[in-house]
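What follows is one structure encoded as structure tokens, with my remarks underneath.
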Amino acid sequence: MIGTSLVSESADGRVVARIVETEGYVPGDAASHAFRGETARNGSLFRRRGTAYVYFIYGCYFCVNVSSEREGVGAGVLVRAAEPVEGMELMHARRPHSTARDLCRGPGRLATALAVTRLHDGLDLCAPGPLWLAAAAKPAPAVSESVRIGLTKEADRVLRFFETGSPFVSGPRALNVRPPRP
DNA sequence: AAGAAGATTCGCT
DNA sequence: GCGAATCTTCTTA
């Protein structure tokens with residue numbers, strides 16, 4: 001998914017951000033919202049891969065995930081950060097005190113810049129719509145990996161992936177200077 | 001029925 | 001670097 005563009009289209013206009021950082025939540029993973037089985041909240045994680053799972057966290061922010069397994073299996077990829085590509089004026093309007101670099105740097109910030117809310121939960125991201133994934137641009141970016149960020153459970157899993165050297169990646173610097181994976 | 005924890009961000013020290 | 005903000009969901013009694 002690194003290098004793929006996330007497109008948000010609303011009455012306000014169109015915004016495009018190129019994904020530079022993701023985090024995986026796999027079957028059997030105690031840190032996954034799907035770990036304890038399907039509920040009304042996490043149902044989208046159990047839908048066919050490419051379904052949007054949007055949840056509200058810390059009373060303030062939304063986070064965007066893409067389900068990643070077949071129907072009935074709970075797993076997904078959290079979109080942690082992106083590089084603004086189109087509609088930067090609109091993103092700045094939605095995040096007034098942000099620098100260009102920080103518009104989509106972090107999962108909560110990204111959702112705000114793209115105006116993603118729980119209304120987007122359950123959408124099919126594989127076809128054009130209010131929120132969808134456009135094909136990746138040509139050169140496949142170099143991808144590095146690290147442990148996941150901000151977790152208390154299964155924090156040691158190496159399931160975070162990001163574009164090597166991108167300034168639009170979130171997280172502590174120490175995690176972001178690791179060499180690209182082979 | 002009540003309480004704690006949470007895949008975060010921002011501002012202040 | 002630390003703690004507050006703020007609410008939904010799941011767990012436990």
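The chains referred to below are lettered A, B, ... by the order of the sequence lines, with proteins before strands, and numbering in each begins at 1.
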Show every donor-acceptor pair shorter than 3.5 Å between a side-chain atom in residues 48-62 of chain A and any protein atom, with sequence neighbours excluded, or say none if there are none.
residue : atom : partner : partner atom : Å
A:Thr51 : OG1  : A:Arg48 : O            : 2.7
A:Tyr53 : OH   : A:His33 : ND1          : 2.7

Original post:
What is the 5' to 3' range of DNA chain B, first to last nucleotide, that sits under 4.0 Å from any heavy atom of chain A?
Top reply: B:dG6 to B:dC10

Subject >> Polar side-chain atom of A:Thr164 near backbone of A:Ala142 as donor-acceptor pair, under 3.5 Å >> reply: yes

**OP:** Measure from NZ or CZ of A:Arg148 to the centre of the six-membered ring of A:Tyr25 and say whether it is under 6.0 Å with the direction within 45° of the ring axis.
**Re:** yes

Original post:
If each of A:Leu110 and A:Thr152 is mapped to the nucleotide of DNA chain B with the nearest heavy atom, which maps nearer the 5' terminus, i.e. the 5' end?
Top reply: A:Thr152

What distance separates [X] [atom1] from [Y] [atom2], expressed to the nearest 0.5 Å?
X: A:Ser32; Y: A:Leu151; atom1: OG; atom2: CG; value: 10.5 Å
X: A:Arg18; Y: A:Ser166; atom1: CZ; atom2: OG; value: 7.0 Å
X: A:Phe162; Y: A:Ile2; atom1: CZ; atom2: CD1; value: 9.0 Å

So do the side chains of [X] and [Y] get within less than 4.5 Å of each other, counting heavy atoms only?
X: A:Val26; Y: A:Glu154; value: no
X: A:Leu78; Y: A:Thr22; value: no
X: A:Leu110; Y: A:Arg80; value: no
X: A:Pro130; Y: A:Glu9; value: no
X: A:Leu125; Y: A:His120; value: no

Could you work out the separation of [N] and [M] based on their [atom1] atoms and round it to a whole Å?
N: C:dG3; M: B:dA5; atom1: C1'; value: 16 Å
N: C:dG1; M: B:dA7; atom1: P; value: 23 Å
N: B:dA2; M: C:dT6; atom1: P; value: 23 Å

Among [range], which ones have heavy-atom contacts with DNA chain C below 4.0 Å?
range: residues 31-41 of chain A; result: A:Arg36, A:Thr39, A:Arg41
range: residues 75-91 of chain A; result: none
range: residues 45-68 of chain A; result: A:Phe56, A:Tyr58, A:Gly59, A:Cys60

**OP:** Under 3.5 Å for both distances, Watson-Crick or G-U wobble, that's the pair rule; now give the dot-bracket for DNA chain C, with | marking pairs to another strand and [ ] for crossing ones.
**Re:** |||||.||||||.

Original post:
A:Pro84 and A:Met91: which non-hydrogen atoms are nearest, and at how many Å?
Top reply: CB-CE, 3.8 Å

Original post:
Quick one: do the A:Arg95 and A:Thr112 side chains pair a donor with an acceptor below 3.5 Å?
Top reply: no

**OP:** Describe the nucleic acid contact of A:Arg95 in one word from base, sugar-phosphate, nothing, applying a heavy-atom distance below 4.0 Å.
**Re:** sugar-phosphate

Original post:
So does A:Glu38 pair up with A:Arg47, basic N to acidic O under 4.0 Å?
Top reply: yes

**OP:** State whether the number of non-hydrogen atoms from other residues, nucleotides or ligands found under 6.0 Å of A:Glu89 atom CD is greater than 12.
**Re:** no

